[in-house]
Amino acid sequence: MISIYKYGDVPNSEIYKRENISQNVEGTVKEIIDNVIKNGDRALFEYCEKFDKVKLSTLEVTPEEIDEAFSSVEKKFIDVLKESAENIRNFHKRQVANSFFINEKDGVVTGQRVTPIEKVGLYVPGGTAAYPSTVLMDSIPAKIAGCKEIVMVTPPMTSGKVNPVILAAAKIAGVDRIFKVGGAQAVAALAYGTDTVPKVDKIVGPGNAYVAEAKKQVFGKVSIDMIAGPSEILVVADRTSIPKNIAADMLSQAEHDKMASAVLVCDSFEFAKKVSEELERQIPLLPRADIARQSIDNNGKIIVAEDNLLLAIDIANAIAPEHLELSVDNPFDYLDKVHHAGSIFMGKYCPEALGDYFAGPNHTLPTSGTARFSSPLSVDDFVKKSQIIYYTKDALDKVESKVAYFARKEGLDAHARSVEVRGEK
């Protein structure tokens, strides 16, 4: 059963408690990466047979396989995927940053040039766990950014095929190439390249502890989006919220993983008890009841800030959750008080699942308190920025002595000379 605390009585260690995602996999992951670097495709085939229990003859998904998968998915789901994709496009196209130039002084031009990352690798969990939403959320912003090639890796099923809904989403999103490989070995292949899998410049997408560790180890060779921890939801609710709804929202994250975290901060002990009772009623009804039970019992908590919603929001800011629901009347009155959250769901009719699948904002979000300094995945993650500086000779002559003086103050005479030589006759 979930624990209920009165704010002030709950120790900080419990407020900030999060499961440690480290599973001591560093050594195993390093061995896998080294093997892929050394043996390339041969290592990928061997790992596929070992971990995915299937012997493949080729790694890349063919256009015929994609078309076959697309036609096998029920039309109703295809229509929902397309509508979701359109919502995602409409949201993310507003994030596009433009290059700019400043020409306010004679002979001087400065600016910033925005260019897309050329090749992006997208990791998508596969097999029995199919997440077409991840395909849409991670590839559409890259397409909008103008990335030339999006390379997707995903584990095959025991049939040797990729889950059809994954391929359908990839076709809708415009993914360029798809490979049947998962785990740390897939991350290694994207980072270093093999004869079949192209080397990319950035890797995005969620995965298990091995995938997360692999992304951590290849960072620097390539860029990555983030090291994602277990999923989190924090609900700030007033006593007029419906306990059944709040419990359902908490369980929407608890069913992800036994390490997931579901927290309620509310303004009434009576309401807290009603939510606890609803959790007990709803958990046995879930297909993933065992996972939800472990998540709620081990990582769930209810914190009561009696009659004080502003304190409740302060608690939410201290935790900096991945998902924050403001289940209160007039939620926009409180929005400027929220400083740390990945995605904010406003009001009593905005469950977190809207953001996971359909509304348009990205569902790849900072976890483990990193919302204090990190942002959701966006178009910005798929571009890079170069600065531009241009001076004419006359413009340089005007500032030559100042630049040289500054350089020598730092003890760098060659820097100063590189400016002064241009003024010498």
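Residues: numbered from 1 along the sequence shown.
- For the salt bridge (charged side-chain N to carboxylate O under 4.0 Å, His left out) test, residues two or more places apart in sequence or in another chain that qualify with R177 are E60.
- Taking the side chain as every heavy atom from C-beta outward, I4 and F269 approach each other to under 4.5 Å.
- Closest approach of P164 to A69, counting heavy atoms only: CA-CB, 3.8 Å.
- For residues 374-383, no residue pair satisfies the side-chain hydrogen bond (donor to acceptor under 3.5 Å, both in side chains) rule, not counting sequence neighbours.
- For the pair P321 and A371, the tightest heavy-atom approach, listed with the atom from each and the gap, is O-CB, 3.9 Å.
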Could you go through the salt bridge (charged side-chain N to carboxylate O under 4.0 Å, His left out) check for E280 and R293 one step at a time?
CA-CA 9 Å; E280 294 306 305; R293 168 56 66 194; 2.9 Å; yes

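- The shortest heavy-atom contact between M152 and I166 is CE-CG2, 3.4 Å.
- For the residue pair E322 and T367, no side-chain donor N or O sits within less than 3.5 Å of a side-chain acceptor on the partner.
- The stretch residues 104-115 participates, sequence neighbours left out, in these side-chain hydrogen bond (donor to acceptor under 3.5 Å, both in side chains) pairs: T115-K384.
- Residues satisfying the salt bridge (charged side-chain N to carboxylate O under 4.0 Å, His left out) criterion with E65, sequence neighbours excluded, are K180.
- Remark: the backbone N or O of E352 is paired with a side-chain donor or acceptor of E325 at under 3.5 angstrom.
- Contact of the Y123 side chain with the V211 side chain is registered, since non-hydrogen atoms from C-beta on lie closer than 4.5 Å.
- Side chains of F382 and V204 form a contact here, defined as non-hydrogen atoms less than 4.5 Å apart.
- Pairs of residues two or more places apart, or lying in two chains, that qualify as salt bridge (Lys or Arg N to Asp or Glu O under 4.0 Å) and include a residue from residues 144-160 are K119-E149.
- Looking at every heavy atom in both residues, S276 comes nearest to I2 through OG-CG2, 3.7 Å.
- Between the side chain of R239 and the backbone N or O of D267 there is at least one donor-acceptor pair closer than 3.5 Å.
- Looking at heavy atoms from C-beta onward, P361 lies out of side-chain contact with F345 at the 4.5 angstrom threshold.
- Using a 4.5 Å cut-off on side-chain heavy atoms (C-beta onward), L190 and V197 make contact.
- A donor-acceptor pair is defined here as one N or O able to donate and one able to accept, closer than 3.5 Å; such a pair exists between the side chain of S99 and the backbone of V114.
- With a 4.5 Å cut-off on side-chain heavy atoms, P230 and H256 do not count as touching.
- In terms of heavy atoms, T134 sits closest to P206 at CG2-CD, 3.5 Å.
- For K93, there are no salt bridge (charged side-chain N to carboxylate O under 4.0 Å, His left out) partners two or more places apart in sequence or in a different chain.
- Listed by chain and number, the residues in a side chain to side chain donor-acceptor pair (under 3.5 Å) with T196 are D41 (sequence neighbours excluded).
- For residues 338-348, the pairs satisfying side-chain hydrogen bond (donor to acceptor under 3.5 Å, both in side chains) are D238-K348, T240-K348, D329-K348, with sequence neighbours left out.
- In this structure, K143 places its NZ atom where more than 12 heavy-atom neighbours from other residues, nucleotides or ligands lie under 6.0 Å away.
- Of the candidates L309, V235, L234, L234 is the only one forming a side-chain contact (heavy atoms from CB on, under 4.5 Å) with V265.
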Return a table of donor-acceptor pairs under 3.5 angstrom between the side chains of residues 215-222 and protein atoms on other chains or two or more places apart.
residue : atom : partner : partner atom : Å
K215    : NZ   : G205    : O            : 2.8
K215    : NZ   : D225    : OD1          : 2.7
K215    : NZ   : M226    : O            : 3.2
Q217    : NE2  : E26     : O            : 3.1
Q217    : NE2  : E213    : OE2          : 2.9

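- Using a 4.5 Å cut-off on side-chain heavy atoms (C-beta onward), L377 and D138 make contact.
- More than 12 non-hydrogen atoms from other residues, nucleotides or ligands lie less than 6.0 angstrom from NZ of K199.
- Side-chain atoms of D176 come within 3.5 Å of backbone atoms of I150 as a donor-acceptor pair (strictly under, hydrogens ignored).
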Before giving the answer on side chain to side chain contact (heavy atoms under 4.5 Å, CB included), spell out for I283 and L251 the whole-Å C-alpha distance, their side-chain angles and the decisive distance to 0.1 Å.
CA-CA 8 Å; I283 288 174; L251 291 173; 3.6 Å; yes

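- S84 places no side-chain N or O within donor-acceptor distance of the main-chain N or O of V80, the cut-off being under 3.5 Å.
- F358 has its side chain out of reach of I88: every pair of non-hydrogen atoms, C-beta onward, lies at least 4.5 Å apart.
- With sequence neighbours left out, F51 forms a ring-ring contact (aromatic ring centres under 6.0 Å, His included) with Y47.
- Within the structure, the salt bridge (Lys or Arg N to Asp or Glu O under 4.0 Å) test picks out the following pairs touching residues 45-55 (sequence neighbours left out): R42-E46.
- Take D290 and apply the salt bridge (charged side-chain N to carboxylate O under 4.0 Å, His left out) test, not counting sequence neighbours, and it matches no residue.
- When the shell of 6.0 Å around CZ of F70 is examined, it contains more than 12 heavy atoms from other residues, nucleotides or ligands.
- With V263 as the partner, the side-chain contact (heavy atoms from CB on, under 4.5 Å) test is satisfied by one option alone out of Q253, M250, K301, E232: K301.
- With respect to the salt-bridge test (charged N to carboxylate O, under 4.0 angstrom), the residues D34 and K30 qualify.
- Taking each heavy atom of V135 and A173 in turn, the nearest pair found is O-CB, 4.4 Å.
- The environment of CZ in F332 is sparse: at most 12 heavy-atom neighbours from other residues, nucleotides or ligands sit within 6.0 Å.
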